[in-house]
Each structure stands twice: as C-alpha cells, then as structure tokens.
Amino acid sequence: MTAQAKIQTDSRHVDTVILGAGFGGLCMAIKLREQGNDNFVILEKGSDVGGTWRDNSYPGCACDVQSHMYSFSFEGKADWTKRYAPWNEIQDYILKTTEKYGIRPFCRFNQEVNSAKFDELTGLWTVGTKNGDTWTCRHFVLASGPLHVPQIPNIKGLDKFKGKLFHSAQWDHNYDLNGKTVVSIGTGGSAIQYCPEIAPKVKQLYVFQRTPAWVIPRDERKYPEITKQAFAKVPGLRQLYRARLYWSNESRVWPLFNPSIAKVVQKLAEGFIRFQVKDPALAKKLTPEYTIGCKRILISNKYFPMFNRPNVELVTDGIKEIRENSIVTADGKERPVDCIILGTGFIVDPRIYMKDFELTGLGGRDLREDWKDHAECYYGTTANGYPNLWQLVGPNAGLGHNSIIFMIEAQVHYILECMKLMQERGADFMDVKADVQRRFNDELQKNFKGSVWSEGGCASWYNQADGRNIALWPKSTWRFWLETLRVKASDYSFGFVEAQVAKKTRKSKATA
Ligand code: N01
C-alpha cells in the first residue's frame with residue numbers, strides 16, 4: 001500500500017479537533033460535552049493529560065497562583081492541601097477531572113499534530129499528525145499553550161559538554177544530584193523553585209544569573225483540616241473564598257499600570273532581599289534594576305536565603321564557553337562541573353507561538369508567515385484568515401497577575417457562543433474581519449503605554465525586540481470576561497460552502 005493510500009484509509013472526520021490535553025483542551029472538551037456534543041477528539045503529543053503539569057516535575061515545582069483560583073470554577077476542590085499546591089497535586093486534580101467528566105475516551109495520545117489546512121470549498125480543516133493520521137473537522141481548537149518548547153541556549157561548547165545536561169521541563173529524576181557540582185542557568189520562575197530544593201543535596205551549586213528577578217514572600221501555609229471541611233460542607237464558603245482571592249489578585253493590576261505605585265511595592269521587595277540575604281554586596285547583585293512587574297513577579301521564601309549557604313555561589317559574569325567538564329565565564333574563570341540544568345524557559349517566537357507546524361488558512365495563507373513579525377489575534381482566540389480556528393491562551397491572552405484558568409473559561413465560553421451563532425445562521429464557517437482585528441490590536445497595544453511593561457526597563461518573553469507585547473492581556477481580567485461574554489456578529493464574516501463552490505465554478509468558467 002502506498003503512503004498516500006494509507007492516509008486515505010486512516011482518515012477520520014469529527015466536528016471538532018482539539019489540540020492539547022492540558023487545562024485548555026480539557027475545559028473545551030468538558031464544555032462541549034455539557035452541550036451534548038460528543039463529536040470531538042483531543043490530539044495530544046504526550047502520553048497523558050496535564051500539559052505543563054505533566055511535563056514539569058522538577059523539585060519544588062508548584063503553581064504561583066493560589067490553587068483555589070488555579071482550578072476550574074465549575075470543578076471546585078475543597079481539600080487543596082496548601083495555598084499554592086505542588087505540581088503533583090495539580091496533576092492529580094487534572095487526572096480526576098478528566099475521569100469525572102469522561103474525557104479520556106476522547107483523547108488520542110502520542111499524536112503530534114504537524115499540519116493543519118483549511119479548505120473553503122468544504123469548510124473543513126484537515127489536521128495531520130506525525131504518524132500519518134489525518135482528521136477532518138469543522139472546528140479546530142488550538143489548546144497547546146504558549147510555553148512548552150524548551151529553550152536551549154546558544155552557548156559556545158554546550159554540545160561538547162560530557163557531564164549531565166537537562167532542561168528544567170525535562171528533569172531527569174534518575175540522576176542523583178547528591179554530592180555533585182551543579183550549574184543552574186537562569187533565574188526565572190522555574191529556577192527559583194528548584195534551586196533551593198537541590199542546594200542542600202549538592203556539593204556545590206553555581207546559579208548563573210543574567211537578569212535578577214523580583215521575588216516576594218510566598219504564603220506557605222497549609223489549610224487546616226477544619227478549613228477543608230468547612231469548604232466542603234458550608235454552602236458558598238469555598239466560592240466566597242475564591243472570590244476573595246480573585247479580587248485580591250485583580251488588585252495587582254493597579255500597580256502594573258501605575259509604575260509610581262509599583263515603585264512603592266518595589267521598596268518592600270528590596271527590603272525583603274536585604275532581610276533575607278546576609279551579605280549586602282550579594283543582596284545588591286540580586287536586586288533587579290527594572291521596575292517590579294515588568295517581568296513576572298516570582299514568589300519564594302527559600303530562594304534568597306539559599307545564597308547564605310556556603311555551597312551556593314551567585315555567578316553574574318556572562319558565560320564565555322562550556323567545555324567538556326567545565327564552564328568558563330567572561331572573566332576567564334573556569335569552574336569544573338558535573339551537571340548543568342537549563343532553567344532557561346521556553347521558546348516564545350511569534351512564528352511558533354502556540355504551534356511549530358504548518359497551519360494554512362484561507363487562500364493558502366500561512367500562519368507562521370502572517371506572524372513573522374508579531375503574533376496577533378482577536379481576544380487571543382480568533383485570527384483573520386483562519387476560519388473556525390479557535391485558540392486558547394493565544395497572543396495577548398496571557399496574564400502576570402491572576403489565574404489563566406479564568407481566561408481559558410472565558411475563551412471557551414466565547415468559542416461556544418461563536419459556534420452557536422454559526423449554527424443559527426446556517427453558516428459553515430466564520431472568520432473575524434481584518435479591520436476588526438486591526439483596530440482591536442491597535443487599541444490593545446495603546447493600553448501598554450505607561451505601564452510597567454513599557455516603562456519598566458526590562459526585556460522579557462512578554463515583549464518582542466520592537467517593544468510590542470505579544471503575550472499579556474493589558475487590562476483587568478473581568479474586562480476580558482465581560483468583552484467575551486457575547487459575540488458581536490458584525491465582527492465576523494460568515495462562509496457558506498455552496499456559495500464557495502458556486503464562486504469557484506464561476507471563476508473556472510470565466511478563465512476557461
Ligand atoms: O523561564 P523564564 P521559566 N544565558 O523565561 C535565563 C512561568 N512559570 O522556565 O531574564 C543565561 O521565566 C533568563 O534570563 P533573562 C514563569 O513565570 C510559572 O523559569 O532573559 N541566561 C531567565 O532568567 C515563566 O513565565 C509557574 O536575562 C539565560 C531564565 O533563563 C514561564 O513559566 C512556575 C539564557 C528563563 O526564565 C517560564 O519560566 C514556573 C542564556 N542564554 C514557571 N537564556 C507557575 O507557578 C535564558 N536565560 C504558574
């Protein structure tokens with residue numbers, strides 16, 4: 001059988017293909033089922049559900065948003081053990097939710113999507129996977145998340161290193177760090193969590209810092225049994241608590257848009273560093289120069305005190321090269337090393353933001369080409385030229401101050417409203433209008449003016465080299481919720497398959 005013939009026989013059709021079985025894909029699937037729609041499939045490149053919480057299992061890995069907020073509003077959990085749950089408790093929640101809502105039978109694991117093409121004559125997407133399967137669908141939901149392709153830094157000699165090397169998202173738990181000399185590169189959200197955990201085990205830890213991070217105290221308290229019981233038994237109490245968390249997180253928007261207020265918070269954060277780090281010169285090196293909030297504010301009580309340990313050294317000299325068994329800094333100093341851990345984050349290049357495969361829309365346009373300069377969408381959900389392509393946590397739908405699950409739920413609601421509207425109109429597909437998307441993004445970018453992201457003086461994955469922020473929603477999250485509550489039909493053009501066929505026939509007759 002030829003390869004082509006095999007693909008034909010493997011071809012399947014569903015109403016909706018969801019890419020990714022993390023929080024986003026799961027939410028979409030649950031809500032489709034709630035509407036009585038079981039005509040969907042989830043294609044997941046990993047071997048289980050969970051997304052980032054399946055992949056990231058490094059020591060100390062935990063969420064920096066409170067668990068009662070970082071969970072579905074419709075699937076509360078009264079017995080979260082502590083304010084900020086560790087990764088395995090979150091993964092356990094995801095697994096249980098998957099079973100409770102009967103989502104597992106819809107999942108196809110180890111299925112990495114490598115192409116998606118829209119055909120306006122049929123109004124269908126054809127989605128291809130690496131192992132040769134193809135699926136056709138009316139709706140294609142991208143729930144792959146923006147942070148999942150590990151960024152391997154381009155450091156001279158890294159490929160020649162003979163010791164142990166791994167990225168924080170690909171932690172090798174079989175490797176025994178006890179008594180080893182370890183280099184950790186990066187001081188972002190992941191590194192500030194795993195470094196304090198491994199420091200007591202290793203012989204020597206070198207923390208390579210390019211830019212210091214603002215780190216503030218973390219509420220480490222566990223929930224007492226009586227509180228968990230009360231959340232489970234007192235009607236409305238857990239919801240009330242969640243509402244309190246929501247609004248206290250939301251109040252953080254204020255300093256983010258008023259750098260002068262952010263500076264006051266910054267003074268407190270400076271005090272926190274000085275209080276926790278004994279050596280004033282070291283404290284100074286750990287104190288960022290940019291305005292707090294410009295990069296994600298991190299939370300830890302253990303990170304700064306770790307530098308008081310005799311076996312931990314903060315290295316701020318740039319890395320010159322990596323040799324077979326050592327690392328050399330710009331000042332020429334060579335440090336022998338057994339293991340290098342890359343806490344260097346994820347690739348957020350606009351061209352592969354959310355996807356690193358060929359995605360073809362109307363008239364053969366290619367999303368990676370369209371997003372060559374900057375990724376943009378309408379409410380991070382729909383993109384002009386790509387009908388019935390729905391994105392979760394797409395460009396400018398990310399957050400630095402509250403739970404992304406809140407945004408995902410709002411987006412899923414919006415997508416379902418769009419699907420309903422299409423059905424009411426008898427349309428086969430809908431496409432956000434180019435001018436609507438343009439105006440939306442121009443307005444969106446204006447919102448960043450005067451904020452800590454534009455005035456804060458930092459470089460981060462939120463911003464591109466030209467200063468354009470492609471990652472964050474620059475307003476309160478309740479505004480996002482309100483603005484996506486209803487679909488404005490006039491924002492979209494609607495496509496009808498018969499009309500497309502007639503148009504094509506007319507065109508070919510005219511050219512004949
Ligand atoms: O990655 P990051 P992460 N040489 O991109 C440095 C979120 N998260 O894996 O700042 C030397 O934040 C880079 O330096 P610089 C987290 O908030 C959420 O930690 O670019 N250094 C930086 O210090 C973030 O949004 C939770 O100068 C290099 C670090 O590596 C996302 O996930 C928990 C370098 C990368 O930091 C990813 O976090 C954990 C190089 N060549 C993380 N390249 C929650 O709880 C990069 N760096 C929700």
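These numbers come from the heavy atoms of this one structure, side chains and all, not from hydrogens, waters or symmetry mates. Both ligands and their constituent atoms are indexed starting at 1 by order of listing.
- Counting atoms of ligand 1 from 1 in the listed order, those under 4.0 Å from a heavy atom of Gly345 are 1 (O), 3 (P), 5 (O), 9 (O), 35 (C).
- Distance remark: protein heavy atom present below 4.0 angstrom from atom 23 (O) of ligand 1.
- Here is the list of ligand 1 atoms found below 4.0 Å of a heavy atom in Gly188: 12 (O), 19 (O), 23 (O), 29 (C), 36 (O).
- The local environment of NZ in Lys475 is crowded, with over 12 non-hydrogen atoms from other residues, nucleotides or ligands closer than 6.0 Å.
- Remark: minimum distance from atom 17 (O) of ligand 1 to any protein heavy atom is reached at Arg296 CD, 2.5 Å.
- Seen from the ring of Tyr223, Arg83 counts as a face-on cation partner, given the 6.0 Å and 45° thresholds.
- Residue contacts with ligand 1 for Leu147 involve side-chain atoms from C-beta outward but no N, CA, C or O (heavy atoms, distance under 4.0 Å).
- Considering both main-chain and side-chain atoms, Thr211 comes within under 3.5 Å of ligand 1 through a nitrogen or oxygen pair.
- Of all atoms in ligand 1, numbered sequentially from 1 with element shown, those under 4.0 Å from a heavy atom of Phe346 are 9 (O), 37 (C).
- In terms of polar-atom proximity, Trp53 is not counted as a contact of ligand 1, lacking any N or O under 3.5 Å from an N or O of the ligand.
- Only the backbone of Ala62 comes within contact range of ligand 1, with a heavy atom under 4.0 Å; no side-chain atom does.
- Ionic pairing of Arg54 and Asp48 is not present here: no N-O contact between side-chain nitrogen and carboxylate oxygen is shorter than 4.0 angstrom.
- Relative to the six-membered ring of Tyr101, Arg33 misses at least one condition, a distance below 6.0 Å or an angle of at most 45° to the axis.
- Which parts of ligand 1 touch Gly186 is read off a 4.0 Å heavy-atom cut-off, strictly below it: atoms 6 (C), 23 (O), 29 (C), 30 (O).
- The protein heavy-atom contact nearest to atom 44 (C) of ligand 1 is Asp64 OD1, 3.2 Å.
- Within the 4.0 Å heavy-atom shell around ligand 1 one finds Thr187.
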